[in-house]
Amino acid sequence: MSAGNAIGGGNALGVTEDTLLDIYRRATLIRVADERFQKMISSGQLQILYYSPRGQEILSAALMTTIEKSDYLVTTYRGIHDQLAKGIPARLLWAEFAGKVTGTCKGKGGPMHITHPDSGVMVTTGIVGAGLPIANGLALASQLAGDGKVTVVCFGDGSTNIGAFHEALNLAQIWMLPVIFVCQNNLYGEHTPQAMSTGAKELIDRALGYGMKGVQVDGNDAFAMFAVAAEAVERARAGQGPTFIEAKTFRFLGHLLGDDSHYIPEPEMAAAKAADPLPAFRRKLIDRGVSESVLNAIDAQIAAEIDDAAQYALDSPYPDASEVRVDVLKAPITGTAEISV
Ligand SMILES: Cc1ncc(C[n+]2csc(CCOP(=O)(O)OP(=O)(O)O)c2C)c(N)n1
Ligand SMILES: [Mg+2]
């Protein structure tokens, strides 16, 4: 790693027990939802392409506890961890995955285009790297409005080789936008390991090239991830500009459901699974004195929430054919917009 960047998250000052339990709740919600999605797809109840975030739950859960519901999130096709952790109600997410009229986009967006402004989830995109300039736009709007909102954009390691990534980092730094670039580095882009697609050894060094503050962190460590993200949010809100976070993680289930991960060396996969971040975090909480019964109660509440969400999606109707052209185009804005900078 080059000088100027930092390895972050040595301690998690200010993280309360309530926040730790909140991280556990969000991470467990993601895990249980992911398991149920897999089951429903394998059994034919849902017919979708599915990109599991298994292994990346703690990263999102810790990150999203550092921002408010009104803050903005932009994410990708591998997004249910981010979307659930940001607060999209499980029922609405499930219904959208199932193409039902009760979903976040009335069943017309599907898994690749989850959008729910009420939860601050502004855009989900299947185009690698496309989220970053969009995040800049949201952050610029907040800067102009002076509303104090922060935009977080999540993307993978593969995205750091896309032109839009570089343009977005440069512009965000020049304009000191309140945006946080979170690279969820799971070490693979589709079937290609990072070392075969990227010349730079450490992705964190990308930040240095744009004069941006960059922090590398173990995204699977809730304490470290929380500390790094909280500091980035504080800087963004204080007008001190963007941060690039490289959060190291791993995906346990291949690029998309059905991919057997044959291209990942068995010892690498076995080591990652042995260090599974969610059970490790659970053990840490117990070591800190959290009672198992508290965690079991959270587990039970989430199991019920996911049962309910899955059933809600199955029971909901599909959109009517008459809906096909509704919500496709926004009515043109008339008049002249004036922006003073
Ligand atoms: C512009 C563009 N190029 C290629 C693809 C095909 N594609 C889909 S996912 C993916 C890999 C992206 O890897 P990464 O950014 O590391 O994200 P991860 O899937 O690991 O979360 C690729 C190449 C695409 N969707 N968009
Ligand atoms: Mg990746």
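Counting starts at 1 for both ligands and their atoms, following the listed order.
Counting heavy-atom neighbours within 6.0 Å of Y263 OH, excluding the residue itself, gives a total above 12. Counting non-hydrogen atoms of other residues, nucleotides and ligands closer than 6.0 Å to CD of E234 gives a total of 12 or fewer.
Y50 is linked by a ring pair (Phe, Tyr, Trp, His ring centres under 6.0 Å) to F37, counting only residues two or more places apart in sequence or in another chain. Listed by chain and number, the residues in a side-chain hydrogen bond (donor to acceptor under 3.5 Å, both in side chains) with E17 amount to none (sequence neighbours excluded).
The shortest side-chain heavy-atom distance between I306 and W94 falls under the 4.5 Å cut-off. The shortest distance between side-chain heavy atoms of Y51 and M112 falls below 4.5 Å. Residues K106 and P319 fail the side-chain proximity criterion, which asks for heavy atoms closer than 4.5 Å.
Counting only protein N, O or S atoms, the number found under 2.8 Å from the Mg ion (ligand 2) is 3.
Look at E68 and K149 and you find no salt bridge, because none of the NZ, NE, NH1 or NH2 atoms lies under 4.0 Å from a carboxylate O.
Checking E96 against H116 by side-chain atom types alone, no donor-acceptor pair falls below 3.5 Å.
Near ligand 1, residues Y77, R78, G126, I127, V128, G156, D157, G158, S159, N186, Y188, G189, E190, H255 each place a heavy atom inside the 4.0 Å sphere around the ligand atoms.
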